Amino acid sequence: MIQRMSTLFVRTLREDPADAEVPSHNLLVRAGYVRRIAPGIFSWLPLGYQVFRNVEAIVREEMNQAGFQEVHFPALLPREAYETTGRWTEYGDNLFRLKDRKGNDYLLGPTHEEMFTQMVKGEFSSYRDLPLWIYQIQTKYRDEARPRAGILRGREFVMKDSYSFDVDDAGLEFSYNRHRDAYVSTFKRMKVDYVIVSAMAGAMGGSRSEEFLANSPFGEDTYVRCDCGFAANVEALHIPLASFDPGINLDTELPASHAEQTPETPTIDSLVNLSNARADLARGDHLWFASDTLKNILLIATNADGSEEPLAIGLPGDREIDTRRLEAALYPRVARPFEEADFAAHPALIKGYIGPRALGKKSTSGIEFLTDPRVVRGTRWITGNNVKGQHVYDLVFGRDFESDGVIDVAEVFNGDPCASCGGTINLARGIEIGHIFQLGRKYAEALGLKVLDERGELVTVTMGSYGIGVSRAVAVIAEQHHDDKGLVWPREIAPADIYLVAAGKSEDAAIKAEELAQIWDQMGLRVILDDRVGVSPGVKFNDSELVGVPTIVVIGKGLERGVIEVKDRASGERVDIAVDDAIAAVHRICTN
RNA sequence: CGGGGCGUAGCGUAGUGGCUAGCGCGCCUGCUUUGGGAGCAGGAGACCGGGAGUUCGAAUCUCCCCGCCCCGACCA
């Protein structure tokens, strides 16, 4: 079917919408693809909905091809199953909740692990039925505290979520890899530039987890990458323990520790400045750096049962704690900073001068003390001496102090060593477009999904869950495929193959355009025909570029010479082709 | 939830106490124009986010409320 601009339900905007900050949002609005309804909630106009459905079709085809079966759940769900798994409360304010006329609780599904698990439980009960791979493409609802960036992060969004059910871990591993492969080919088809990073499985339960992150400066996830191919979400990054010389004699080869008066040095900067200013404190081999100091951060950790206990973390003074890494490392415990009242409850801890010798389960304070992986045997530190205005120098780990364990929560810097090859890592930003999890038995356990194994014994099924943000993918593709003139869709995503412009005042152009549009349409090409009369050529050219269809054909002044112009939207390349040759030539361009 | 910014026509905006709220885009009518967001003329479209107050007079000042955008916290 030919889409005619004269009647198409679209209005392109000449000016940037005031509320759009990121390119995908700006262009999708300007080109008349989407309109905002409420924060994080958008409607799709004809061009936009076609693009959306093209993306959805790729996901569906790749899923089906990989052997997954499509099902469909309601978005409106009863409370019960989410109560059983604890997520009715865990999800907190992010859950859209509502009541029916009888006062029963319902929710708009944020994700469907519970429903899938229940469904399988209701149908299957033998190991012989497994593995099972099912998926749906569904509208999800999450009442995000702050939706942003147009449809990149909405409160209503479409997600493809699939789930695998296996009888054992080996089966899960196979199912997981199967999904991983399907995702690789899906995103390849979408022409998304992405990287696969190892991620935290923590909050969802389970073990292995990887994210597919689309490269974008507007990404919300920070990940590290290395030339060796290593990539990880910063939350999931584990830096290696610092190396040391195991043969070193700590007592004879390192200076003895010594306490020093260091008044007015409550911050790391002030401490480093004072240390370098005083000749008697010189380190010898180099100036003191912030990384030579050990700062000890106090937190209050809340356990899963609600009880609280203090926790101390010792890390090099040049680094802050990365709260997302902390959260991932402590899960399911959560932590908050020490407050005045907490200091008051622990008078032995002198704010600004806290040292390792007041910390640790074996110390008098009894406070759990965990240290950064860079704090290893033989490292010497300047750190608090637990006396106001006093620090201790050359405090050596393994000689003068110990910790209760390692915790890897310090912020990651560009140029830090790579955990895999020892090279240096770079920080980059990405948009999460896919996430695959080995869930394990958390949901099957909670909802009682068991099958009989070959010995006739009941075993709990192990699950994987896998998601692709379908509506988000539309925005990601726009984000990665545009220029200063507008959108530049990959052909399979685009709302049409050809944007056919009838330019100039000659009626011949309009007639020829109509004729060619019909021919290409009958050849199976998708055509947008700009048949608007009285609209100046400049407007049509600009719209043709803004809309982003891959092939632009202009029929106008060249017609007298028997040629039409064929432009490649992406490269900007334009060639004149004789009208008679153009039918086949454009068809070839559009189909190879 | 913390910080910042902002609500005036479909979109983008001007207007800090005083005539009928101005301009650009878009829209309608007519004429002209037709290869890079045309010109002229005429027109439609705004309870200036809501409420209360101050004042002879409020888009403009005060108070309360609502909403939106951005950064952070949090999250596919």
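What you see is a predicted model, and the numbers here were worked out from it, not measured in a lab.
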Using whole Å, report how far [atom1] of [X] lies from [atom2] of [N].
{"X": "A:Ile37", "N": "B:C69", "atom1": "CD1", "atom2": "P", "answer": "13 Å"}
{"X": "A:Glu15", "N": "B:G26", "atom1": "CD", "atom2": "P", "answer": "10 Å"}
{"X": "A:Asn94", "N": "B:A73", "atom1": "CG", "atom2": "P", "answer": "15 Å"}
{"X": "A:Asp19", "N": "B:U13", "atom1": "CG", "atom2": "P", "answer": "10 Å"}
{"X": "A:Arg561", "N": "B:G35", "atom1": "CZ", "atom2": "C1'", "answer": "12 Å"}
{"X": "A:Glu144", "N": "B:C69", "atom1": "CD", "atom2": "C1'", "answer": "16 Å"}
{"X": "A:Arg532", "N": "B:U34", "atom1": "CZ", "atom2": "P", "answer": "19 Å"}

Report which part of the nucleic acid [X] touches: base, sugar-phosphate, or nothing (heavy-atom distance under 4.0 Å, all strands).
{"X": "A:Arg36", "answer": "sugar-phosphate"}
{"X": "A:Gly467", "answer": "nothing"}
{"X": "A:Val554", "answer": "base"}
{"X": "A:Asp161", "answer": "nothing"}
{"X": "A:Pro39", "answer": "sugar-phosphate"}
{"X": "A:Glu545", "answer": "base"}
{"X": "A:Gly150", "answer": "nothing"}
{"X": "A:Gly434", "answer": "nothing"}
{"X": "A:Ala149", "answer": "sugar-phosphate"}

Task: Ionic contact status for A:Asp105 with A:Arg97, cut-off 4.0 Å - done: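 Not counted as a salt bridge, because no side-chain N and carboxylate O are separated by less than 4.0 Å.
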- [ ] Could you tell me whether A:Lys140 and A:Asp161 make a salt bridge, using a distance below 4.0 angstrom between a side-chain N and a carboxylate O?
- [x] yes
- [ ] Just compare B:G12, B:U34, B:G37 and give me whichever is closest to any side-chain atom of A:Pro537.
- [x]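 Closest nucleotide to the A:Pro537 side chain: B:U34.
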Task: Listed nucleotide nearest any side-chain atom of A:Ala145, set B:U13, B:G26, B:A73 - done: B:A73
- [ ] Answer with yes or no whether A:Lys485 presents, from its side chain, a donor or acceptor under 3.5 Å of a partner atom in the base of B:G37.
- [x] no
Open item on the list: For a quick check, tell me whether the side chain of A:Arg153 and the base of B:C75 share a donor-acceptor pair closer than 3.5 Å.
Closed with: yes
- [ ] Kindly assign one of parallel, tilted or perpendicular to the pair A:Tyr163 and A:Phe165, based on the angle between their ring planes and the thresholds 30° and 60°.
- [x]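 Answer is tilted, since the angle falls between 30° and 60°.
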TODO: Using the P atoms only, state how far B:A14 lies from B:G24, rounded to an integer number of Å.
DONE: 15 Å
Open item on the list: Taking only side-chain N and O atoms of A:Arg14, does any of them lie within less than 4.0 angstrom of OP1 or OP2 on B:G26?
Closed with: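 Checking A:Arg14 against B:G26: at least one side-chain N or O falls below 4.0 Å of OP1 or OP2.
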TODO: Could you tell me whether the phosphate oxygens of B:G72, OP1 or OP2, come under 4.0 Å of any side-chain nitrogen or oxygen in A:Arg148?
DONE: yes
Open item on the list: As a quick check of understanding, evaluate side chain to side chain donor-acceptor pair (under 3.5 Å) for A:His179 and A:Ser162, giving each step before the final call.
Closed with: CA-CA 9 Å; A:His179 267 87; A:Ser162 38; 2.9 Å; yes
Open item on the list: I'd like to check, for A:Phe541, whether its ring lies over the base of B:G35 with centroids under 5.5 Å apart and a plane angle smaller than 30°.
Closed with: no
